[in-house]
Amino acid sequence: MSSPNLLFLILLLPLACAVVNMLFGRFLPRGLVTGLAVAGVAISAWLSFKLWPLAAGEGTRVTLYTWFESGDFSVPVELLYDNLAAPMTLMVTAVATLIHLYAVGYMAHEKDAPRFFALLNLFVFAMLLIVLADNLLLLFLGWEGVGFCSYALIGFWYSEEKNALAGRKAFLVTRAGDVFLLIALMWLFALTGSLSLSEINAAASTLAPAVITVLGILVLLGACGKSAQLPLMTWLADAMAGPTPVSALIHAATMVTAGVYLLCRLFPLISLSPLAMAAIAAVGAVTALYAATCALAQREIKRVLAYSTMSQVGYMFMAVG
């Protein structure tokens with residue numbers, strides 16, 4: 001039961017269920033559509049728990065295939081299940097399972113349920129890709145995947161203009177942060193000749209202090225976009241225009257922690273720069289105070305929760321810094 005290859009099932013089950021509902025959902029009974037969606041993430045949660053021993057020590061690294069290769073350079077589809085990835089994987093899948101179960105009842109009268117549950121499953125797949133990827137290119141694929149699913153789910157009821165505008169705003173603001181992350185990704189590749197997170201962290205001590213500081217700031221800005229921290233936090237309150245299960249899964253439970261997770265994954269690199277660490281702590285502290293203050297002035301409960309989420313994630317940034 002502890003075969004490392006089973007780690008790929010954690011990723012592939014939500015993806016497979018999403019594809020089935022996308023292609024055939026409108027022809028299937030509603031119970032089968034929702035059953036597939038819930039089963040995909042529930043089995044992934046069970047596998048995350050059963051495979052926990054694989055995270056012991058240095059963790060388990062497993063390669064599915066080589067994505068592309070050129071000369072000495074190759075990018076494998078490789079997963080790393082270690083003491084950082086294991087609890088995050090279990091949290092994402094367990095919380096997603098509960099929210100999927102809630103969504104079955106909440107969206108009971110929704111005509112376009114197959115699209116909703118397909119996007120919800122696809123989001124879980126993309127988030128798990130961020131958590132389990134052992135190279136920055138694969139992680140960035142998941143990073144952009146959660147951005148797309150966020151846009152599609154926030155604007156799920158797109159016939160109302162305010163919902164469509166909220167989805168567009170979330171997409172554009174988070175893309176601004178993604179530009180900084182992409183610059184950091186390309187720069188790290190130029191400096192180290194590798195996209196492997198493990199190899200980049202191992203080579204961190206060979207980089208110039210000033211370079212590490214700038215890289216740390218770039219990664220911080222990328223994380224701020226996804227985690228709704230200052231100055232890229234304006235999208236999260238409006239994102240509550242989406243259905244409540246979307247608000248719970250994407251914006252209160254999983255996606256907003258992606259930025260914190262990225263900082264933790266690259267911590268051996270970022271921690272070498274006291275200035276970058278101070279910037280991370282300062283951003284977290286200011287956002288925690290500012291967002292909590294904003295929450296006091298809100299009258300709509302979902303917007304209160306949105307600002308509360310920003311504030312709590314700010315504490316996580318402070319902890320990293």
Side-chain angles (χ1 to χ4, degrees), residues 6-51 64 77 79 85 88-133 138-139 141-158 167 170-171 174 226 239 242-258 261:
L6 289 176
L7 286 172
F8 283 102
L9 285 179
I10 298 175
L11 271 174
L12 296 178
L13 283 170
L15 177 62
C17 294
V19 170
V20 170
N21 276 336
M22 281 178 188
L23 297 178
F24 309 110
R26 58 180 177 163
F27 307 115
L28 300 174
R30 188 185 188 89
L32 185 55
V33 169
T34 56
L36 274 173
V38 173
V41 291
I43 297 173
S44 289
W46 178 74
L47 284 171
S48 301
F49 177 73
K50 293 295 289 184
L51 297 176
L64 184 60
V77 176
L79 305 185
M88 189 68 173
T89 302
L90 185 58
M91 187 277 287
V92 169
T93 52
V95 171
T97 300
L98 295 174
I99 294 171
H100 274 69
L101 285 168
Y102 174 74
V104 173
Y106 187 89
M107 305 296 284
H109 302 293
E110 174 60 47
K111 294 180 180 179
D112 203 2
R115 175 166 65 96
F116 177 81
F117 283 102
L119 286 169
L120 220 54
N121 273 176
L122 190 62
F123 171 83
V124 174
F125 161 74
M127 186 66 202
L128 289 172
L129 196 58
I130 293 174
V131 174
L132 292 169
L138 201 59
L139 183 148
L141 183 65
W143 195 266
E144 293 303 302
V146 295
F148 165 75
C149 293
S150 172
Y151 159 74
L153 285 165
I154 292 167
F156 180 76
W157 289 318
Y158 56 83
F171 186 81
T174 55
K226 204 64 81 188
T244 296
V246 172
S247 304
L249 179 63
I250 292 179
H251 309 121
T254 57
M255 189 174 108
V256 289
T257 61
Y261 183 82

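Since this is a predicted model, take the numbers as computed values, not measurements.
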| request: Let me see the working for Phe49 and Thr93 under side chain to side chain contact (heavy atoms under 4.5 Å, CB included), right down to the final yes or no. | output: CA-CA 10 Å; Phe49 177 73; Thr93 52; over 6 Å; no

Note, [X] side chain near [Y] side chain (heavy atom, < 4.5 Å):
X      : Y      : value
Ile10  : Leu79  : no
Trp157 : Glu110 : yes
Phe148 : Leu119 : yes
Met88  : Thr257 : yes
Val246 : Phe116 : yes

[atom1]-[atom2] distance between [X] and [Y], expressed to the nearest 0.5 angstrom:
X      : Y      : atom1 : atom2 : result
Leu153 : Met255 : CG    : CE    : 10.5 Å
Glu144 : Lys226 : CD    : NZ    : 5.5 Å
Leu64  : Leu12  : CG    : CG    : 7.0 Å
Phe8   : Leu47  : CZ    : CG    : 13.5 Å
Tyr158 : Asp112 : OH    : CG    : 7.0 Å
Leu128 : Phe123 : CG    : CZ    : 9.5 Å

| task | Report the C-alpha distance between Lys50 and Leu6 in whole Å, list the side-chain angles of each, state the deciding distance to 0.1 Å, and finish with yes or no for side chain to side chain contact (heavy atoms under 4.5 Å, CB included). | result | CA-CA 10 Å; Lys50 293 295 289 184; Leu6 289 176; over 6 Å; no

For the student: nearest non-hydrogen atoms of [X] and [Y], plus distance:
X      : Y      : answer
Thr97  : Ala45  : OG1-CB, 4.0 Å
Asn121 : Ala18  : CB-CB, 3.7 Å
Phe125 : Leu15  : CD1-CB, 3.7 Å
Thr89  : Ser48  : CG2-OG, 3.2 Å
Ser247 : Gly242 : OG-O, 3.8 Å
Leu36  : Val20  : CD1-CG1, 3.7 Å

| request: Look at the rings of Phe117 and His100 and say which category their plane angle falls in: under 30° parallel, 30 to 60° tilted, over 60° perpendicular. | output: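 The rings of Phe117 and His100 sit tilted, inter-plane angle from 30° to 60°.
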
| Non-neighbouring partners of Tyr106 that pass ring pair (Phe, Tyr, Trp, His ring centres under 6.0 Å), sequence neighbours left out |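 Result, ring pair (Phe, Tyr, Trp, His ring centres under 6.0 Å) vs Tyr106: Tyr102.
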
| said: Quick one: does any side-chain atom of Arg30 pair with a main-chain N or O of Ala108 as donor and acceptor, under 3.5 Å? | reply: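 Flag set: sc Arg30 to bb Ala108 pair under 3.5 Å.
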
| task | May I ask you to check whether over 12 heavy atoms, not counting those of Tyr151, lie within 6.0 Å of atom OH? | result |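 For Tyr151, atom OH is not crowded (no more than 12 foreign heavy atoms under 6.0 Å).
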
| Among Leu28, Asn21, Val104, whose side chain to side chain contact (heavy atoms under 4.5 Å, CB included) with Thr34 holds? |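 Going through Leu28, Asn21, Val104 one by one, the side chain to side chain contact (heavy atoms under 4.5 Å, CB included) with Thr34 is satisfied by Val104 alone.
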
